[in-house]
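Heads up: the structure comes next, in structure tokens.
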Amino acid sequence: MSATLARTLVTSALPYANGPIHIGHIAGAYLPADVYVRYLRLRKQDVVWVCGSDEHGAAITLRARKEGTTPRAIVDRYHEEMQEAFAGLDIAFDHYDRTSSPDHHRFAQEYFLTLLDQGAFTQETRQQFFDPVEKQFLADRYVQGGCPKCGHDKAYGDQCEKCGSALSPEELIDPKSTLSGATPEWRETTLWYLPMDRHEDWLREYLEQGQLDGAPHHDPKTWKAHVIGQCKSWVDGGLQSRAMTRDLDWGVPVPVEGADGKVLYVWLDAPLGYITATKNWAEKKGVDWEPYWKDADTRLVHFIGKDNIVFHCIIFPILLKEHGGYLLPHNVPANEFMNLEGDKISTSRNWAVWAKEYIDDFPGRSDEMRYVLASIMPEQKDAEFTWEDFQSRVNNELADVLGNFVNRVIVLTSKYFGGKVPAASGNWTETDLGLRDLMASTPGSVGDSIEKYRFRDALQHAMGLVRAGNKYLTEEEPWKVIKSDEQRTADILNLALQVTANAAIVLSPFLPRTSERIASALGTAHLPWDAAGGDLVPAGQPLGSLPILFDKVTDEQVEEQRSKLGHAEGMREVEAEKAQTTFDDFQAIDLRVAEVIAAEKVKGADKLLQLTVRTGYDERTVVSGIAEHFAPEDVVGRKVTLLANLAPRKIRGVVSQGMVLMASTEDGGLRFVTPEEGAEPGDIIR
RNA sequence: GGCGAGGUAGCUCAGCUGGUUAGAGCGCAGGAUUCAUAAUCCUGAGGUCGAGAGUUCAAGUCUCUCUCUCGCUACCA
């Protein structure tokens, strides 16, 4: 497959510059791309891999405000930090850029104008929250208020970070501007929208048939099932218009008169960063960038996590096609998620293994992490990282299988042949020929798997050669043969050395450092992939010294890493108290003790429970979004705190008269606010 | 509730367009061996392929129903 196209352009999802990189990111979008690209480079193919920091968007400005600094300071900090993290794990982009650069702004604006001229957008006026104090429109994330679902009192206008549900700003209870704290007003604003429904037909053809403009473009069978599935689900469900601009002051300004205070939506801006990065790479290199994005002889591959599928398979292709002249992705091998020690990775709970911390704790041991992540990469479904598994893979596979094999080959050679590669007679036995066959076929099987984005398989194939080497030594027993037949011993060790040199090549996309150390010791450094398969080490070659390749991971280290999880201090976001209120305002709220006497699930809604509560003076219905935390039988008979004088509201066809108060716990759970024994329904709380 | 992806040996996972006794790595048990980081190699135990029904000469592999997990989406006061 790789032989038919002239060049390959690889991108990895632009990491968002408001937090550090963890192993989930690495396993999702960076390590697979790195392996893929290293392989293509070894094949001497024309390949470019670009990435960069995604530095715009409301979340960054919000964070800047919270920390009392500027968005620039935030993105500068993470731009540096993320690059250190990548470098620490030998993630070697050809070019790492950033979206806040003037080059990128200019290019994104040009691109936007072209689309505008070509009628790709519609202009619509909608109601949006406006901060009367700061005199500016508020992006969804700039509005905070009570979460209508879990009651969390500091949910954002686009989602509640406590319960994870997606929201829109008008749903918030008692919305406040996060800029000034003022209550926002509804005002009209004009934004540009991308009407995606226009594109459903060709998208369907592109995704399902791999056809573009009536011509074959790619083989859809090579795409992952979950990628195509999710895309079809979106297209079949009907595509909506999506705003391509935002009212914000941090981003690429909309280059249109009268559009002050408006910027390009990050999802328009960010993927264009791939193009800017390619241009900047080309300039640095003194070559033409355009073939990489425009020549039909180029394969475009996006490595991403599953959360980005829709953007890379639907929205970005629309933007590229609308502009014209640009290539569409040939494949988007999105990975699923990496879980950690039985739970999902969570930045705010510090339930994560941070790339930088790993490198600090295990200096120089990037290959170990790369190996483990490649072995368990979430290629088809979510995967799970545990430190115990890390330990066992490093100790049993890297140290015992690979490290020990290399060591025994070198020790045997130095013992019997003074550390020089012995010459082979050429009289191969059946066993020898079997191993030589495997040696010859391994580069192909590893490469095939890599080209199919099956990195775990590829690594298995590569390790298979090493395992065969161990078996060979054990069965041929050169330490016995040496006593009677020196030439036969030379043959055995020569072959074992050739296997070692071959292993260094086929493992190098995964274990660049280790491969380099092995190859240097054997004097076979910097050989191309296509050299692999046959004899690589010449007879008579003196071997360099090679210390033990892998230290074992101790139980203490495992324990230490485990104990770090979830225990970072101050990681829980302490929420600022709300603005002062008055006793009179408090008096307006009528809280009472009530007892739940019946409960049932609201049909058609996963999260709603319809409760009947006794207040002592009446019985009423309250709809509560707690069904995911409590079964109906769990709540019947409980005494609860009821907000009694809340205006009735119809939810899913049921009129809810009041609200049951809940405490939302750090782990995202809910607890009833239960009065002490002795309080009876109807008792007033004040 | 709708849609998508999953549910395969103790663990982590492969199984392409349906076809001999369902595989790998790790773990475990027994054995071999000592060149090597107490490493290696061999053998084995042996999983109703989430549950049920159906199509077929033949199903882990296709169809339907159910169930659990994950994601998107709706509901959320």
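Here is the naming used below: chain letters follow the sequence lines, and residue numbers restart at 1 for every chain.
Atom pair A:Asp457:CG and B:G25:P shows a separation of 13 Å (rounding to whole Å applied). Atom CZ of A:Arg467 is separated from atom P of B:U40 by 9 Å (rounded to the nearest Å). Regarding A:Leu398, its CG atom lies at a distance of 12 Å from the P atom of B:U40, rounded to whole Å. Summarising the geometry, the separation between CG on A:Leu402 and C1' on B:A36 is reported as 13 Å, rounded to the nearest angstrom. In this structure, CD1 of A:Ile548 is placed 13 Å from P of B:A39, rounded to the nearest angstrom. Rounded to whole Å, the distance from CG on A:Asp382 to P on B:U12 is 13 Å. In this structure, NZ of A:Lys224 is placed 20 Å from P of B:G4, rounded to the nearest angstrom. Distance, A:Lys306 NZ to B:C70 C1': 5 Å, rounded to whole Å.
In summary, A:Glu341 and A:Arg562 engage in a salt bridge, as defined by a charged side-chain N under 4.0 Å from a carboxylate O.
Backbone-only engagement by A:Lys415 is indicated by non-hydrogen atom pairs under 4.0 Å involving sugar-phosphate atoms exclusively. As judged by a 4.0 angstrom heavy-atom cut-off over every strand, A:Lys480 is placed among residues touching the sugar-phosphate backbone only. Counting any heavy atom pair closer than 4.0 Å across all strands shown, A:Leu646 reaches sugar-phosphate atoms only and no base atom. At the heavy-atom level, A:Gly305 lies nowhere under 4.0 Å from the strands shown. Among the atoms of the strands shown, none is found under 4.0 Å from any heavy atom of A:Phe405. Using a 4.0 Å heavy-atom distance criterion, A:Ile410 is classed as making no nucleic acid contact. In this structure, A:Val623 reaches the sugar-phosphate backbone alone: every heavy-atom distance under 4.0 Å involves primed, P, OP1 or OP2 atoms, never a base.
Two rings, from A:Tyr371 and A:Phe510, have their centers 6.0 Å or more apart.
Between A:His218 and A:Tyr206, the angle of the ring planes goes over 60°, which puts this pair in the perpendicular group of the 30/60° scheme. Classification of the A:Phe390-A:Trp387 ring pair by plane angle, with boundaries at 30° and 60°, yields perpendicular.
A:Arg393 has no side-chain polar atom (N or O) that falls below the 4.0 Å cut-off from OP1 or OP2 of B:C13. In this model, the phosphate group of B:A39 is not approached by any side-chain N or O of A:Asn407 to a distance below 4.0 Å at OP1 or OP2.
Of the listed nucleotides (B:U37, B:U33, B:G15), B:U33 has the atom at the smallest distance from the side chain of A:Glu477. Each of B:U37, B:C42, B:U33 was ranked by its minimum atom distance to the side chain of A:Lys471; first place goes to B:C42. The nucleotide whose nearest atom lies closest to any side-chain atom of A:Ala383 is, among B:A14, B:A36, B:C13, B:C13. Considering only the side chain of A:Glu475, B:C42 comes nearest among B:C35, B:A14, B:C42. Proximity note for A:Ala225 (side chain, C-beta onward) versus B:C13, B:C41, B:G6: the nearest is B:G6. The A:Ala399 side chain lies nearest to B:U37 when the options are B:C41, B:U37, B:G71. Proximity note for A:Lys381 (side chain, C-beta onward) versus B:G6, B:G15, B:A39: the nearest is B:G6.
Taking atom P on both B:G27 and B:C64, the two are 42 Å apart, rounded to the nearest angstrom. Look at the C1' atom in both B:A9 and B:A36: the space between them is 32 Å, to the nearest Å.
Across every strand in view, B:U34 sits unpaired, with no contact that passes the Watson-Crick or G-U test at under 3.5 angstrom. Here B:U61 sits opposite no nucleotide as a Watson-Crick or G-U wobble pair (both hydrogen-bonding atom distances under 3.5 Å). Here B:U48 sits opposite no nucleotide as a Watson-Crick or G-U wobble pair (both hydrogen-bonding atom distances under 3.5 Å). Figure legend. B:G4 is base-paired to B:C70; pairs are counted as Watson-Crick or G-U wobble with both atom distances under 3.5 Å. Applying the Watson-Crick and G-U wobble criteria (two distances, each under 3.5 Å), B:C16 pairs with nothing in any strand. The partner of B:U56 cannot be assigned: no Watson-Crick or G-U wobble pair with both contacts below 3.5 Å exists in any strand. B:C11 is paired with B:G25 under the criterion used here, namely a Watson-Crick or G-U wobble arrangement in which both key atom distances are under 3.5 Å.
Cation-pi geometry between A:Lys306 and A:Phe337 is met: under 6.0 angstrom from the ring centre, within 45 degrees of the axis.
Residue-to-nucleotide contacts include a donor-acceptor pair under 3.5 Å from the side chain of A:Asn404 to the base of B:A36.
Judged purely by distance below 3.5 Å, without hydrogens or angles, the side chains of A:Thr222 and A:Asp219 never pair a donor atom with an acceptor atom. Residues A:Asn502 and A:Gln498 have side chains that never bring a donor and an acceptor to within less than 3.5 angstrom of each other.
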